[in-house]
Each structure stands twice: as C-alpha cells, then as structure tokens.
Amino acid sequence: FIYDPNNQSFKRIPSSIGSNLSIKNITKLYEDGARILWVGTFDAGINYLDIQHGSFCNILPEMRGKKVLSNRLVYALLPEENDRIWLGTDEGLDLVDLKNNRAIHFTSEKEIRLSNNRIRALLKDDKNHLWIGTYDGLNVLNLNNQTVKVFKPYPNLEKNVVIDILALNDNQLLIGLKSSGLFLFDKRNNKFDMVTLKDDSSNQSSRLFITDIKRDKWGKIYVATYGHGLLQYLSGKNQLRPILTHNKCRYAYCVLPEDSNKIWLGTYGEGLFLFQPQKDALINLSMKNGLPNNVVYGILKDKQNNYWVSTNKGLCLVNYEEGKEPNLKVRRIFDYSDGLPDNEFNFGAYCETKNGWLYWGTVNGFTYFNPQNFKINKEPPKVFITGIKVNHQPLAQIFPSKNRIIDTSPKKLVKVIGIILIVCLLLGFGYYFFQQRQKRQIIEGCFEIVPTLSDDAGIDPETSFIFLSSEDIAIKKLKKMIR
C-alpha cells in the first residue's frame with residue numbers, strides 16, 4: 001500500500017506489479033531519488049519495483065512454492081474475459097486466473113482428454129468451442145459440455161503436428177502443419193482439403209512447414225513458412241502464391257501484415273525484415289545494427305505505433321520512421337534484469353488483447369504488460385559496492401566511500417583494460433627471463449659433469465633437455481644439482 005498523508009488515504013499497489021515480488025513477507029521499504037521502490041523481504045532477497053514507469057507482470061511455472069503452469073514452456077496464448085487466459089504448454093492446456101495466480105489443467109490423462117499434451121495453437125469461435133492444435137491432430141473442446149473431439153488430416157502421428165489455426169469464416173479454418181502442408185478444414189463435414197502451391201510441379205505443397213498465418217485489415221491472408229519464405233493465400237482458388245522468397249527470408253518464424261506496402265517478417269537467423277511490395281524494397285534489422293539476436297519469434301505493434309519484437313536474447317522495442325530513407329532502429333532491449341521471466345522467448349507465443357495489453361510466452365512461463373503505461377526509466381539506479389563477505393566473514397572495503405560508483409564508461413573501460421594488458425605483459429617478460437636464467441644454471445651444471453658420462457650420453461647446449469643413458473652413474477648427481 002501507498003499512504004497519502006495529505007488526505008489520509010491508502011492506495012494499493014496494482015496486483016500485477018505486486019505479484020512480481022519474490023515473497024509477500026516484507027521487512028523493509030526504501031524509495032530512492034529516482035522513485036524506485038526497494039523492498040526487503042524475509043528470506044527472499046531484495047526486490048526492485050519501478051512503479052512510476054510500469055513493469056512486466058510474470059506468471060511463472062511455480063509461484064510461492066505452488067505449481068501454477070503445467071510446464072515452463074509456453075507456446076500459445078489466448079486471452080479470455082475476467083482476467084483469464086488460455087495457455088498451450090509442452091505438457092498440457094491451462095486456463096490461468098491472473099488475479100489469483102491459479103490454473104485449471106487439461107491433459108491427456110484428465111477426464112477431458114486431449115489427443116496430445118504438446119499444445120502449439122489456440123482459437124476460440126463464437127459457439128464457445130476452443131480449437132486446440134496439438135502434436136497429434138486438431139482438438140476441439142466444447143466449453144458448454146466439456147467434451148473433446150479429435151480430427152486428423154493424416155493417419156500418421158508424426159505428420160499431424162498443428163502449428164497454427166486461423167478462422168476464415170464461421171464454417172472454415174486454415175490449419176498449418178509442421179512439414180506437412182496447409183489445410184482448409186470444414187466444420188460442417190469435418191473434412192480436410194490440402195492447400196496447394198501455385199504451379200507446384202514438384203509436390204512441395206505436402207511438405208510445407210507452416211509457422212504463422214495472419215490476416216491484414218483488408219482481408220488478405222499471409223502465410224509464413226520455414227523454408228519457403230512468405231506466401232499469400234488465395235481463398236477463391238485454395239492456393240498459395242509466393243510473394244517473398246529472398247534467400248534471407250526463406251526461414252520465416254512470424255509475420256505482421258500492417259498494410260499492403262508494409263509487411264513485417266521475423267526470421268530464424270537473419271533478424272527482422274520490413275517488406276514493401278510496391279517499392280520492391282526490403283529493410284533488414286539484425287545484430288549488425290541493434291538486435292541482440294537474429295532469431296525473431298514474434299512481432300506486435302502497440303497503440304503508440306511502437307513495435308515489440310521477441311528474440312532469443314530479450315524483448316526489443318523498435319522504432320520505425322518513414323521517409324526517403326526509412327529509419328529502423330532498436331530503441332531499447334529488455335531482458336531478465338528488467339523483470340522478464342527469461343531472456344529466451346518462444347515461437348508462436350505472442351498476442352495482443354482488445355485493450356492493448358501484450359502477452360509473450362517464454363521458456364519460463366509468460367509475461368504481460370500495458371505499453372501505454374510502460375515508460376522507460378531514463379535514470380536507472382547506480383550500483384554501489386558497500387562490502388564483500390566470504391563465508392559470512394566481511395572483507396575490507398575495496399573502495400573509499402566516495403568512489404564506490406562503478407564507472408562503466410568507454411574511456412574508463414579502455415583505461416582498465418590497458419592497465420590489465422600492461423600488467424600481463426610485465427608478468428610474461430618476468431616469467432620468460434626467470435626461465436632463461438634457470439636454463440643457463442642447468443646447462444652450466446651439466447657441463448661440469450660431462451666428463452663423468454659415458455660416450456653415448458648427449459647434451460644439447462641450446463636447450464635444457466639432457467639425454468642420458470639409464471645406466472649412467474652421473475644421473476643421481478645431475479638430479480641433485482638440478483634440485
């Protein structure tokens with residue numbers, strides 16, 4: 001709670017921020033000059049709360065000693081009403097209550113049995129049916145009577161991995177499979193029809209790896225693939241037309257079709273691309289110009305026209321400015337140190353709610369936040385070293401109190417690295433001269449006893465290696481001299 005002495009009232013810290021605390025047993029509170037609230041806890045460390053600038057709200061596999069999620073790997077998210085969200089994990093389906101951090105679990109071992117526990121896609125229709133993409137076909141959970149039906153395009157288990165689902169209309173769904181093509185599913189007769197590539201002479205249609213299916217505001221449908229780039233779905237012909245097959249864009253993970261001349265594409269290994277069909281232009285953002293990693297899992301645009309990009313090494317806030325020379329740059333990279341549950345995000349695990357909140361699945365649960373209240377703190381707290389303990393015993397403070405701020409400026413780093421290199425160089429020279437002196441002493445000692453050696457013994461005066469016969473009586477004297 002925050003107490004206002006002027007009107008003598010209490011204001012509760014939002015539960016979405018408070019849920020990030022390591023424990024609710026609070027022992028100390030301190031607010032610094034940057035309005036950062038430092039929270040000391042009982043046996044659970046120090047917490048850092050940036051109330052003024054917003055925060056990530058995390059749901060972890062385990063919270064306060066209790067299991068919340070079926071598995072730490074979250075691959076699909078579908079927000080519900082009343083602060084609830086459906087999750088697809090690697091070990092089942094979860095319905096999470098965000099207010100109380102509790103979940104209901106659905107697996108193949110429960111009364112409501114799914115065909116497989118590995119969930120990759122979720123979609124809810126107007127009839128209160130939840131369509132679930134699993135590693136063994138398409139499942140539909142009737143939320144009215146709690147029954148499950150299973151549909152499979154192939155009899156082979158390995159070919160029925162459903163990666164994404166998109167509703168074409170009330171009666172038809174597009175079903176994207178892993179390395180087994182794209183299918184049109186009719187709810188009325190439960191029939192699968194394969195979507196074919198235009199002018200497919202080599203039968204590539206049945207081997208397409210579908211990674212993402214999105215519709216733009218004009219109704220055009222784009223299909224990202226792993227190995228065949230970006231395709232467009234032609235509903236009248238039930239075909240796919242290649243529109244971006246550039247070598248660097250072949251392995252696509254996600255697509256965001258913003259308008260007819262602005263299509264964003266996240267790739268595996270080549271970073272983020274902005275494709276402008278009318279100009280036939282392709283703009284790339286990668287590790288060479290700001291991304292922390294070239295694996296892009298998801299792209300979302302918030303209501304402030306900022307782009308959020310999930311990668312293997314953090315969540316990026318990206319700005320785009322149009323002009324004669326479009327400017328695409330990374331404004332900020334958020335990682336574990338900023339409050340994320342993990343630096344590594346997951347393929348296909350991202351979505352936006354109607355009120356603008358963004359949800360992201362990671363390899364350690366999921367995170368969500370409101371970009372409208374998410375202001376970047378331009379004055380993060382500085383780190384001070386006040387003391388060091390080894391085995392609970394304090395050491396002498398290594399810096400005087402006025403110099404305890406750690407300076408990480410480039411000039412300071414270059415100076416420190418230079419000093420380290422000079423010290424290493426001096427130590428290297430000292431060691432070299434010490435070795436040379438030892439060699440000379442050994443060689444001189446050896447020459448003194450050479451007359452006592454047998455004729456077949458040899459000494460190389462250029463090195464410290466001495467070759468003696470095993471039967472020579474001078475070996476003992478030589479060993480004693482070397483010692």
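With hydrogens and angles ignored, the 3.5 Å screen pairs no side-chain donor or acceptor of Thr245 with any backbone N or O of Gly229. Side-chain atoms of Arg250 come within 3.5 Å of backbone N or O of Gly227 as a donor-acceptor pair. With hydrogens and angles ignored, the 3.5 Å screen pairs no side-chain donor or acceptor of Asp164 with any backbone N or O of Asp212. Looking only at distances, no side-chain donor or acceptor of Asp342 sits under 3.5 Å from a matching main-chain atom of Gly314. Using a distance-only test at 3.5 Å, with no hydrogens or angles considered, a donor-acceptor pair links the side chain of Asn346 to the main chain of Val74. With hydrogens and angles disregarded, no donor-acceptor distance shorter than 3.5 Å links the side chain of Asp280 to the backbone of Pro277. Under a 3.5 Å cut-off, the side chain of Arg102 and the backbone N or O of Asp97 do not form any donor-acceptor pair. No side-chain donor-acceptor contact under 3.5 Å links Asp302 to the backbone of Tyr307. Checking side-chain atoms of Ser70 against main-chain N and O of Gly92 turns up no donor-acceptor pair under 3.5 Å. Here the side chain of Thr367 pairs a donor or acceptor atom with the backbone of Cys57 at under 3.5 angstrom.
For the atom pair Ile163 CD1 and Thr134 OG1, the distance stands at 10.0 Å (nearest 0.5 Å). Atom-to-atom distance recorded for Leu177:CG and Leu182:CG is 8.0 Å, nearest 0.5 angstrom.
Heavy atoms only, all atoms of each residue included: Gly88 and Leu122 are closest at N-CD1, 3.8 Å. When all heavy atoms of Ala252 and Thr211 are compared, the closest pair comes out as O-OG1, 2.9 Å. Residues Gly356 and Glu352 come closest through the heavy atom pair CA-OE2, 3.9 Å. Residue Leu231 comes nearest to Thr225 through the heavy atom pair CD1-CG2, 3.8 Å, listed as atom of the first residue, atom of the second, then distance. Taking every heavy atom of both residues into account, Ile213 and Gly176 meet most closely at CD1-N, 4.0 Å. Shortest non-hydrogen contact noted between Gly266 and Ile299 is N-CD1, 3.7 Å.
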**Request:** Give the intermediate values and the outcome of side chain to side chain donor-acceptor pair (under 3.5 Å) for residues Thr353 and Asn355.
**Result:** CA-CA 5 Å; Thr353 62; Asn355 58 3; 2.3 Å; yes
**Request:** Evaluate the criterion side chain to side chain donor-acceptor pair (under 3.5 Å) for residue pair Asp94 and Trp86; output intermediate values, then yes/no.
**Result:** CA-CA 6 Å; Asp94 293 342; Trp86 290 98; over 6 Å; no
**Worked verdict on Phe369 versus Trp308 for ring-ring contact (aromatic ring centres under 6.0 Å, His included)** = CA-CA 12 Å; Phe369 60 95; Trp308 297 83; 4.9 Å; yes
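Aromatic ring centres of Tyr297 and Tyr253 lie closer together than 6.0 Å.
Crowding of Lys248 atom NZ: a count of heavy atoms from other residues, nucleotides or ligands under 6.0 Å not exceeding 12. Within a 6.0 Å radius of CZ in Arg207, more than 12 heavy atoms belonging to other residues, nucleotides or ligands are found. A 6.0 Å sphere centred on CD of Glu158 holds no more than 12 heavy atoms belonging to other residues, nucleotides or ligands.
Between Glu258 and Lys301 there is a salt bridge, since at least one side-chain N of the basic residue sits less than 4.0 Å from a carboxylate O of the acidic one. The residues Arg118 and Asp90 are annotated as salt-bridged, a charged nitrogen and a carboxylate oxygen being separated by less than 4.0 angstrom.
Between the side chains of Asn294 and Tyr268, no donor-acceptor pair is found at a separation under 3.5 Å. Using a 3.5 Å distance cut-off with no hydrogens or angles, the side chains of Asn312 and Asn343 do not pair a donor with an acceptor.
Residues forming a salt bridge (charged side-chain N to carboxylate O under 4.0 Å, His left out) with Glu321 (at least two apart in sequence, or on another chain): none. Considering only residues two or more places apart in sequence or on other chains, Glu62 meets the salt bridge (charged side-chain N to carboxylate O under 4.0 Å, His left out) condition with none of them. Among residues two or more places apart in sequence or in another chain, the side chain to side chain contact (heavy atoms under 4.5 Å, CB included) test is passed with Leu328 by Trp264, Ile283, Leu285, Val318, Tyr320.
Counting heavy atoms from C-beta outward, Leu230 and Val255 have side chains that approach closer than 4.5 Å. Taking 4.5 Å as the limit, every side-chain heavy atom of Leu427 sits out of range of all side-chain heavy atoms of Cys424. Counting heavy atoms from C-beta on, the side chains of Leu244 and Ile263 never come closer than 4.5 Å. Contact annotation: the side chain of Leu208 never approaches that of Val223 to less than 4.5 Å [non-hydrogen atoms, C-beta and beyond]. The shortest side-chain heavy-atom distance between Pro79 and Tyr368 does not fall under the 4.5 Å cut-off. Between Leu60 and Asn364, the closest side-chain pair of non-hydrogen atoms falls below 4.5 Å. Between Leu73 and Thr89, every side-chain heavy-atom pair lies at or beyond the 4.5 Å cut-off. Contact of the Thr267 side chain with the Val296 side chain is not registered, since no non-hydrogen atoms from C-beta on lie closer than 4.5 Å.
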